[in-house]
Amino acid sequence: MDDYAVLSDAELAAVLRQYNIPHGPVVGSTRKLYEKKIFEYET
Amino acid sequence: TSQKHQDFVAEPMGESLAGIGEVLGKKLEERGFDKAYVVLGQFLVLKKDEDLFQGVAKGHIGANAKQSWD
Amino acid sequence: TSQKHQDFVAEPMGESLAGIGEVLGKKLEERGFDKAYVVLGQFLVLKKDEDLFQGVAKGHIGANAKQSWD
């Protein structure tokens, strides 16, 4: 999951959109959760 | 919506969270959710998406399905 | 607090944000803040800390001091 940590908030949001994962703004309190969602999607 | 609902919604949410007891309350506090409105804020930032919000509740404090639902 | 304040607080915040026009609204939407309550959520998650919140507003959408204050 670490390789998502290097992405900026905007880049992470772009991946969420690409994978059609429902999401709100990528901010401090939501970033970890979205990284996990992307990891789950990819695995 | 019923008058009861309107009355409930109109009143300030105060500092208590339904369904969260001493133990989970402590865990929430440790993670910065030391006020009920911070938990509300997290729900709103997640666009009121219950799955996402339950993911946070379970991830952060190990709440079970019922507790995170509450 | 005055009755006026109580009436204002009691009514649902709806979908509009005071002080945010077309251009800033678009920028907020692009970053996921596409509803007024999501912005409110971020403010609450930041524990209503105005400095922190203004920092986010300026960082995310380049709002100037007055706009972020609004």
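Because the structure is a prediction, the values reported are computed rather than measured. Naming: A, B, ... by sequence-line order, numbering from 1 per chain.
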Handout entry: Between CD on residue B/Q42 and CG on residue A/L33, distance to nearest 0.5 Å
Key = 8.0 Å
Exercise for the section: Might you work through the side chain to side chain contact (heavy atoms under 4.5 Å, CB included) test for B/D49 and A/H23, ending with a clear yes or no? Expected result: CA-CA 8 Å; B/D49 179 309; A/H23 64 284; over 6 Å; no
If you look only at distance, which donor and acceptor atoms sit under 3.5 Å apart when one is on a side chain in residues 8-15 of chain A and the other is two or more places apart or in another chain?
unit_1, atom_1, unit_2, atom_2, d
A/S8, OG, A/A10, N, 3.4
A/S8, OG, A/E11, N, 3.0
A/S8, OG, A/E11, OE1, 3.4
A/D9, OD1, A/R31, NH1, 2.7
A/E11, OE1, A/S8, N, 2.6

Exercise for the section: Show your working on side chain to side chain contact (heavy atoms under 4.5 Å, CB included) between B/L46 and A/Y34 and close with a plain yes or no. Expected result: CA-CA 10 Å; B/L46 292 171; A/Y34 291 136; 3.5 Å; yes
Exercise for the section: Taking the side chain as every heavy atom from C-beta outward, state whether B/L52 and A/K37 have any pair of such atoms under 4.5 Å apart. Expected result: yes
Practice task
Find out whether B/V56 and A/K32 are in side-chain contact, i.e. whether some heavy atom of one side chain is under 4.5 Å from a heavy atom of the other.
Solution key: no
